[in-house]
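Here's the structure we're looking at; comments come further down.
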Amino acid sequence: MGPDYLSELATSLADGFLVTLQLIGWTLLFSTILGTLLGAMRVSPIAPLRFVGTSYVNIFRNTPLVVVFLFVVVGLPGVGIGPSFFWRAVISLSLYTAAFVCECIRSGVNTVDPGQAEAARSIGMGFGASLRHVVLPQAFRAIIPPLVSVYIAMAKNTSVAYAFGITEATYQLKALIEDFPGSLWFNFAGIVAGYILIVAVLSAIASGFERRTAVAR
């Protein structure tokens with residue numbers, strides 16, 4: 001294990017996890033927005049919206065992530081839409097993760113006392129306003145732990161992107177194993193340590209939010 005290997009290991013891990021963190025960041029943003037919209041549709045009093053939200057969840061939650069990747073990576077160029085492989089990976093992960101975020105939102109809404117929504121409507125708020133200003137803020141406080149579990153699973157799911165040529169952390173592990181087959185365990189340990197660090201940061205942020213919302217109550 002010479003200096004050349006250590007330098008290559010450090011560079012590969014840094015490059016790989018930079019791409020992984022970008023995948024996580026964009027996917028977290030888009031899946032949260034889409035999942036929240038779908039969650040609102042799932043609890044909507046309008047039947048067609050509930051049908052659309054339910055259908056989306058049933059389709060994407062029961063479809064393997066690799067199939068979603070294939071659909072987006074191969075399908076989008078087929079209809080004339082050709083973002084880079086990175087953004088196709090973000091779209092795939094966001095579409096898939098949004099179904100699970102949606103279900104967290106729905107379960108959180110169900111924990112809110114119905115009297116809260118009735119009180120909002122009694123002062124003239126419509127469904128959208130009461131959901132946005134009264135129900136969702138309380139629902140988000142209730143779903144922080146399960147929502148973080150979804151994000152942790154999403155973070156690990158970014159490794160699927162390697163199969164489609166995205167040079168994220170797992171892709172770098174494959175390259176390191178090919179270049180330094182005698183250092184397999186060090187390569188593996190470096191990648192595992194990186195993912196553990198990402199999950200620890202997500203968990204710490206969630207704990208911080210939980211403490212803050214607990215005080216707000």
Assigning hydrophobic clusters by single linkage (Ile, Leu, Val, Met, Phe, Trp, Tyr; side-chain heavy-atom cutoff under 4.5 Å), is L76 placed with F71? yes

Can you find a heavy atom in the side chain of L65 that is under 4.5 Å from one in the side chain of L93? yes

Would you say V67 ends up clustered with V72 if hydrophobic residues are merged whenever their side chains have heavy atoms under 4.5 Å apart, either directly or through other cluster members? no

Between atom CG of L38 and atom CD1 of I33, what is the distance when rounded to the nearest 0.5 Å? 12.0 Å

Main chain of A155, side chain of T158: is a donor-acceptor contact present, judged purely on distance under 3.5 Å? yes

Are the side chain of S44 and the backbone of A40 linked by a donor-acceptor contact shorter than 3.5 Å? no

Taken to the nearest 0.5 Å, the spacing of S149 OG from I143 CD1 works out to 11.5 Å

Is the backbone of V43 close enough, under 3.5 Å, to the side chain of R106 for a donor and an acceptor to pair up by distance? no

Closest approach of V101 to G35 (non-hydrogen atoms, all atoms of both residues): CG1-CA, 3.9 Å

Answer yes if M41 and I59 sit in the same cluster of Ile, Leu, Val, Met, Phe, Trp and Tyr residues linked by side chain heavy atoms under 4.5 Å apart, and no otherwise. yes

For the NZ atom of K156 and the CD1 atom of I24, what is their distance to the nearest 0.5 Å? 11.5 Å

Test side-chain contact (heavy atoms from CB on, under 4.5 Å) on F209 and F140 and set out the steps. CA-CA 10 Å; F209 274 119; F140 270 111; over 6 Å; no

Any pair counted as side chain to side chain donor-acceptor pair (under 3.5 Å), so long as it reaches residues 49-64, sequence neighbours left out: R42-T54

Would you indicate whether the side-chain heavy atoms of Y195 and T170 approach each other to under 4.5 Å? yes

Check whether Q138 reaches the backbone of V134 with its side chain - one donor and one acceptor, N or O, closer than 3.5 Å. yes

Which value, rounded to the nearest 0.5 Å, describes the distance between S31 atom OG and I91 atom CD1? 13.0 Å

What's the shortest heavy-atom distance between T20 and A169, and which atoms? OG1-N, 3.1 Å

Working to the nearest 0.5 Å, report the span between CD1 of I144 and OH of Y151. 10.5 Å

Would a 4.5 Å heavy-atom cut-off, applied to side chains only, mark N187 and S12 as touching? no

Contact summary for L34 and S94, nearest pair of heavy atoms: CD2-O, 4.5 Å

Are I46 and V52 in one and the same hydrophobic cluster, where Ile, Leu, Val, Met, Phe, Trp and Tyr link if side-chain heavy atoms are under 4.5 Å apart? yes

Under the side chain to side chain contact (heavy atoms under 4.5 Å, CB included) rule, collect the residues that match up with L13, sequence neighbours excluded. L9, F17, I191

Any side-chain heavy-atom pair of T32 and T97 under 4.5 Å: no

Report the residues that fulfil side chain to side chain contact (heavy atoms under 4.5 Å, CB included) with A129, sequence neighbours left out, ordered by chain and then residue number. M125, R132, H133

Nearest heavy-atom contact between G108 and A139 is C-CB, 3.5 Å

Could you pull out the closest heavy-atom pair between G39 and C102, with the gap in Å? N-SG, 3.6 Å

Transitive ILVMFWY side-chain link F51 to V57, under 4.5 Å: no

From CG (N157) to CD1 (I152), nearest 0.5 Å: 12.0 Å

Check the orientation of F100 and Y96. Use parallel for under 30°, tilted for 30 to 60°, and perpendicular for over 60°. tilted

What are the two closest non-hydrogen atoms of R88 and V73, and how far apart are they? NH1-O, 2.9 Å

